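Below is one structure; the comments refer to it alone.
Keep in mind it's a predicted model, so treat the numbers as computed, not measured.
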Amino acid sequence: MPRPVWNGTISFGLVAIPVKLYHAVRKQSVSFNQLDDRTMARIKYKKVSAVDGEEVPDEHIVKGFEVSKDRYVVVDPDELEPFIPAATKTVDLEEFVDLEEIDPVFYDNAYYVAPGTNPKPYVLLASAMEEAGKVAIGRFVMRNKQYTAAIRAEEGRLIMSTLAYADEVVDPANIDELQGLDDVEVSKKEIAMAESLVDSLTAAFEPEKYRDEYREQVVDLIQIKAAGQEFEVPEAAAEKPKVVDLMAALEASVAKAKEERKKPARKKKSA
């Protein structure tokens with residue numbers, strides 16, 4: 001069973017609603033350890049000085065910020081203590097905004113917000129937010145770090161997403177390849193063909209269709225080798241030919257998409 005990662009209250013005005021946070025996303029990955037192939041022993045890392053390669057005891061390790069090449073400002077933990085946000089147990093809601101006002105680039109980690117001991121105020125807030133179509137913006141502290149978060153209501157449940165700060169989002173104006181796009185000319189025929197391709201590929205979003213195929217293949221490899229079986233390395237996929245004629249590529253893509261759409265329909269009819 002999932003365990004809550006945070007317990008506290010959602011607070012707005014004079015209202016306090018007890019809640020718990022649960023991870024909404026559980027990252028899946030395959031981790032490898034570095035081994036000595038002679039003994040199969042784990043490789044350990046030591047903290048060594050870049051000057052002489054000697055191991056440095058923990059009592060001589062300090063924190064420093066590099067302000068210029070090889071010049072550091074040393075900061076003592078006691079000096080940071082006053083800046084650490086107080087470990088409050090409250091999500092302080094400051095305002096309500098429309099969902100479309102939040103650029104998806106700001107979204108970070110997602111959490112399910114579950115009710116505490118008394119679910120009625122939770123249900124009341126979720127119902128009011130869903131009816132109004134509003135998203136709550138608030139701040140809270142978790143593990144000595146302050147977060148800004150957006151809370152939205154969906155099918156009677158509250159879902160929280162932590163948000164990146166404005167100065168953390170990269171300005172697209174700083175990316176050279178994104179400049180001058182307004183000056184690129186495309187014909188009406190090209191736009192119509194591109195729209196036709198988009199239309200032919202339009203479908204309801206089904207997240208189950210998309211899987212981490214690399215991770216699944218790596219897990220299969222590990223299981224096969226752990227069982228002492230031989231693993232045959234598959235041939236690398238052939239590189240796709242480079243597209244030269246944009247219109248020809250669009251027309252071929254539309255035709256292929258339409259043909260693919262017909263296949264499930266024929267199977268269903270014959271069954």
Side-chain angles (χ1 to χ4, degrees), residues 1-7 20-58 61 63 104-114 142-145 147 154 157 159-164 168-170 175 177 197 200-244 249 252-253 256-257 259-268 270-271:
M1 290 290 292
R3 299 180 62 181
V5 296
W6 188 89
N7 290 272
K20 302 175 183 179
L21 296 186
Y22 291 84
H23 284 296
V25 176
R26 185 176 64 250
K27 296 291 186 181
Q28 303 283 1
S29 63
V30 180
S31 299
F32 291 95
N33 295 310
Q34 290 188 328
L35 307 172
D36 183 338
D37 66 357
R38 298 166 299 181
T39 61
M40 300 305 288
R42 287 275 300 272
I43 303 297
K44 293 184 177 181
Y45 291 92
K46 295 182 178 181
K47 299 174 182 178
V48 299
S49 170
V51 176
D52 55 19
E54 293 292 324
E55 188 171 0
V56 182
D58 288 342
I61 297 178
K63 288 185 175 181
V105 75
F106 282 92
Y107 287 118
D108 199 357
N109 295 318
Y111 300 89
Y112 290 124
V113 183
M142 181 167 60
R143 302 188 185 98
N144 291 332
K145 183 176 179 181
Y147 295 90
E154 186 177 282
R157 300 186 301 267
I159 301 172
M160 172 191 285
S161 295
T162 55
L163 300 175
E168 295 176 324
V169 176
V170 176
I175 301 176
E177 290 83 355
L197 175 58
S200 65
L201 292 173
T202 298
F205 178 55
E206 299 176 25
E208 297 80 9
K209 293 195 303 185
Y210 303 95
R211 308 190 317 274
D212 186 347
E213 296 178 358
Y214 170 78
R215 178 175 58 84
E216 293 176 355
Q217 291 168 341
V218 171
V219 170
D220 289 342
L221 165 64
I222 293 171
Q223 291 176 343
I224 290 171
K225 298 192 73 171
Q229 301 173 7
E230 290 293 328
F231 178 80
E232 185 175 340
V233 180
E235 293 184 9
E239 186 177 350
K240 295 182 178 179
K242 294 181 179 179
V243 175
V244 178
S253 297
K256 182 180 178 182
E259 188 63 29
E260 290 295 324
R261 283 297 177 88
K262 292 177 182 178
K263 290 180 180 179
R266 283 203 301 265
K267 287 182 179 179
K268 188 175 182 180
S270 61

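Applying the ring-ring contact (aromatic ring centres under 6.0 Å, His included) criterion to Tyr112, with sequence neighbours excluded, gives no partner residue. By the side-chain contact (heavy atoms from CB on, under 4.5 Å) test, Lys27 is found to be paired with Val25, residues two or more places apart in sequence or in another chain being considered. The side-chain contact (heavy atoms from CB on, under 4.5 Å) test applied to Val219 returns Val30, Arg215, Gln223, not counting sequence neighbours. With sequence neighbours excluded, the residues that form a side-chain contact (heavy atoms from CB on, under 4.5 Å) with Arg211 are Glu213, Glu216. Under the side-chain contact (heavy atoms from CB on, under 4.5 Å) criterion, Ser49 pairs with Val51, Asp52, Val56, sequence neighbours left out.
Rounding to the nearest 0.5 angstrom, the gap separating the CD1 atom in Ile61 from the NZ atom in Lys47 is 4.5 Å. For the atom pair CG (Leu35) and CD1 (Ile43), the distance works out to 7.0 Å, reported to the nearest 0.5 Å.
Annotation: side chain to side chain donor-acceptor pair (under 3.5 Å) contacts involving residues 33-42, sequence neighbours excluded, comprise Gln34-Tyr45, Asp36-Arg38.
Between Val113 and Ile159 the shortest heavy-atom distance is CG2-C, 4.3 Å. In terms of heavy atoms, Pro2 sits closest to Tyr22 at O-CE2, 3.5 Å. Of all heavy-atom pairs between Ala164 and Val169, the closest is CB-CG2, 4.3 Å.
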**OP:** For side-chain contact (heavy atoms from CB on, under 4.5 Å), just list the numbers for His23 and Asn109, CA-CA rounded to whole Å, side-chain angles, deciding distance to a tenth of an Å, and then say yes or no.
**Re:** CA-CA 8 Å; His23 284 296; Asn109 295 318; over 6 Å; no
Check your understanding: Can you check side-chain contact (heavy atoms from CB on, under 4.5 Å) on Asp212 and Gln28, steps first, answer last?
Key -> CA-CA 9 Å; Asp212 186 347; Gln28 303 283 1; over 6 Å; no
- Verify side-chain contact (heavy atoms from CB on, under 4.5 Å) between Met142 and Tyr111, making sure each step is shown before the conclusion. CA-CA 13 Å; Met142 181 167 60; Tyr111 300 89; 3.4 Å; yes
